K.L.:
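First the structure, which I've put down as structure tokens, then a few questions once you've had a look.
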Amino acid sequence: MQVMQDQQVISDAVPSSRGRGGSGGSGSNRIVAINLEGRSTLPPPPLPRPTGENKSASHHHDEELDDHHHHQKPGWRKFMSFVGPGFLVSLAYLDPGNLETDLQAGANHRYELLWVILIGLVFALIIQSLAANLGVSTGKHLSELCKAEYPMLVKYCLWLLAEVSVIAADIPEVIGTAFALNILFHIPVWAGVLFTGCSTLLLLGLQRYGVRKLEMLIAVLVFIMAACFFGEMSYVKPPASDVLMGMFVPKLRGQGATGDAIALLGALVMPHNLFLHSALVLSRKVPKSVRGINDACRYFLIESGFALLVAFLINVAVVSVSGAVCSAKNLSNSTENTCSDLTLNSASFLLKNVLGRSSSTLYAIALLASGQSSTITGTYAGQFIMQGFLDLKMKKWTRNLLTRCIAITPSLIVSIIGGSSGAGRLIIIASMILSFELPFALIPLLKFSSSKTKMGPHKNSIIIIVISWILGFGIIGINIYYLSTGFVDWLIHNSLPRVANVFVGIIVFPLMAVYIFAIIYLTFRRDTVVTFIEPTKHNPTRSGNVESGLKDADGEEEEDEIPYREDLADIPLPE
């Protein structure tokens, strides 16, 4: 009886507290525990502040308590609470731009460019994990840090380049959707391009009725297409030795191999994804301690690794199927002509061995899902870029419609003039634009994630710094080499009058010099702004107060988590 009375008194005295973070958070409804003897287990009294020689022992004691508190929740449940951002970002590695470049790389060079996909996705894993670490450790995403660090002119130039990268990434989605509509309903490609402006509004309208269900449906359709290519791969049986050799022995043989390799890299490693991933991780609640931040970074790395492994296998399957079918002996004239100019619009024949007559329909549905799922990532990336650089935030439907309308213009012009083959080449050009844009998001990310003023003790290790900079400058060097040699070759062999060539050279060569100077400036400029905030150590007294809903001696509730981003609270990710 006494126990029940004590419990009632304590329950009335100590109200339950709700977790921080708005609608997305989950509250703690626990009350103070009652032991078997009927005595209340109240929070311990405040401990005296350690001074002098007692500081070290007290610090060690706090770390042990922090470890004990951190391990109370099972590891798999902690990991699942961080799942979401990596898989949403990985959709961008399975968009129509990737499919187009994979199909052409396989048809033109068989398996010889698989090494580009391997290096590209390993590099993508490194930089996506760096972007996630940057967001978790600083509480700000990449565009916000760029705004804080760089002068006004540089800030606006980086913003414009980031917006161009979002538009360039949206072009393959526009054309892929138009191709899917052409296959399903025999709508002309140019009309399908116009219709994609309505399709994006329809997609955003459907999100109001359950965006997670919609994203699950899109993911299922994309993986259905992946299963089709894996099934076709088991049917055509590409030589395993050739596939492995193409994956691990770099080669750039044949006409257009360098251009196709750069297009593959541009389709895989996209600059707007870095802005996106560094912001998406801020929708997760991370304990405000060194250990909590380290654990969050590790969980995001595991999740990104798994998601990108799936994307890698799908990309390899697409290249292998295209290479095996288009290099087979005794090809018919029609198949040989299709392989010589393979586009998303004509690729459904690759799946006929597995799906028969239904191959084109299922391929078109999956292509439509691929384009529309990538629209979600582009919309959020554009929103974060605009909010971070300019402190502006548009409504999602306005932002999506604006980006889509800008991307429709070049797609519409090219599809009217060049038809489906011209639209397919535009996808390759858009992927190359993304590759040239990459340094202006990559270099700030590498510098910020390696800076003690931005990351504190969570900055990159020497090994990661060396590997990431080598890979980054490798891609940048390839881009500059291809840009310079390709332009000079075009000047020599084009049919324009000599005067026109001179004027083109006067315009383009200074732009190339500005491009190289901008890369050098971003690389060697010293960071000056300190944004890192030292995380607090775990305090068992305040932890007990938070658990019971009480306030500390200063009248403030303990903030046991990195500040929750209300502007990211509506991101449709699982909690």
Side-chain angles (χ1 to χ4, degrees), residues 91-92 94-100 103 163 166-211 213-215 217-222 224-225 267 272 343-348 358-383 394-431:
L91 286 176
L94 299 171
D95 70 347
N98 285 100
L99 298 179
E100 174 81 15
L103 292 169
E163 294 286 1
V166 174
I167 294 168
D170 202 49
I171 287 175
E173 295 154 15
V174 169
I175 297 175
T177 302
F179 282 161
L181 295 173
N182 176 259
I183 296 171
L184 287 172
F185 307 110
H186 305 289
I187 298 174
V189 175
W190 65 267
V193 168
L194 285 176
F195 185 75
T196 55
C198 301
S199 70
T200 187
L201 292 179
L202 177 64
L203 179 72
L204 289 171
L206 291 175
Q207 287 185 16
R208 299 181 61 185
Y209 297 97
V211 68
K213 296 177 183 177
L214 178 63
E215 288 183 347
L217 174 63
I218 290 172
V220 167
L221 292 174
V222 171
I224 285 174
M225 181 175 60
H272 72 282
T343 66
L344 288 175
N345 202 27
S346 60
S348 60
S358 61
S359 60
S360 60
T361 301
L362 191 57
Y363 170 80
I365 292 174
L367 180 60
L368 183 65
S370 174
Q372 293 305 297
S373 62
S374 304
T375 299
I376 298 173
T377 62
T379 302
Y380 283 123
Q383 184 78 295
M394 300 171 65
K395 293 182 179 179
K396 284 197 290 291
W397 70 269
T398 309
R399 170 74 216 188
N400 200 330
L401 187 61
L402 177 64
T403 302
R404 181 52 57 93
C405 288
I406 296 174
I408 281 174
T409 304
S411 306
L412 182 62
I413 294 172
V414 171
S415 60
I416 290 175
I417 297 174
S420 60
S421 61
R425 283 192 290 272
L426 182 60
I427 292 180
I428 302 295
I429 294 172
S431 298

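Side chains are part of it too, since the values below use all heavy atoms of this structure and drop only hydrogens, waters and symmetry mates. Positions are given from 1 along the sequence. What you see is a predicted model, and the numbers here were worked out from it, not measured in a lab.
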K.L.:
Do the side chains of L344 and I175 get nearer than 4.5 Å, heavy atoms only?
P.N.:
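A side-chain contact under 4.5 Å is absent here.
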K.L.:
Kindly give the heavy-atom pair with the smallest separation between P96 and P172, and that separation in Å.
P.N.:
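Nearest pair, atom of P96 first, then P172: CB-O, 3.3 Å.
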K.L.:
For A168, which residues count as a side-chain contact (heavy atoms from CB on, under 4.5 Å) partner, sequence neighbours excluded?
P.N.:
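Partners of A168 under the side-chain contact (heavy atoms from CB on, under 4.5 Å) test: I433, L434.
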K.L.:
Please step through side chain to side chain contact (heavy atoms under 4.5 Å, CB included) for the pair D170 and V166, ending with a clear verdict.
P.N.:
CA-CA 6 Å; D170 202 49; V166 174; 5.6 Å; no
K.L.:
Quick check: do F195 and L181 have side-chain heavy atoms less than 4.5 Å from each other?
P.N.:
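SC-SC contact between F195 and L181 confirmed.
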K.L.:
Enter the distance from L412:CG to L194:CG here, rounded to the nearest 0.5 Å.
P.N.:
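Interatomic distance, L412 CG to L194 CG, rounded to 0.5 Å: 5.0 Å.
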K.L.:
Applying side-chain contact (heavy atoms from CB on, under 4.5 Å), can you list everything that pairs with T409, at least two apart in sequence or on another chain?
P.N.:
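Applying side-chain contact (heavy atoms from CB on, under 4.5 Å) to T409 gives I413.
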K.L.:
Determine the minimum heavy-atom distance between A180 and L367, stating which atoms define it.
P.N.:
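Distance-wise, the nearest heavy atoms are N-CD2, 4.0 Å.
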K.L.:
Looking only at non-hydrogen atoms, find the nearest pair between V189 and A178 and report the distance.
P.N.:
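Result for this residue pair: O-CB, 3.7 Å.
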K.L.:
Looking at E163 and G382, what are the two nearest heavy atoms and their distance?
P.N.:
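Where E163 meets G382 most closely, the heavy atoms are OE2-O, 4.3 Å.
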K.L.:
Ignoring hydrogens, what is the shortest heavy-atom contact between I183 and S360? Give both atom names and the distance.
P.N.:
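The answer is CG2-O, 3.5 Å.
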K.L.:
Measuring from S415:OG to N345:CG, what's the distance to the nearest 0.5 Å?
P.N.:
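If we round to the nearest 0.5 Å, S415:OG and N345:CG are 11.5 Å apart.
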K.L.:
Supply the atom-to-atom distance L99 CG to L94 CG, rounded to the nearest 0.5 angstrom.
P.N.:
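L99 CG to L94 CG: 7.5 Å, rounded to 0.5 Å.
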K.L.:
Which of these, L426, I429, I427, sits in a side-chain contact (heavy atoms from CB on, under 4.5 Å) with V414?
P.N.:
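Among L426, I429, I427, the one that satisfies the side-chain contact (heavy atoms from CB on, under 4.5 Å) with V414 is L426.
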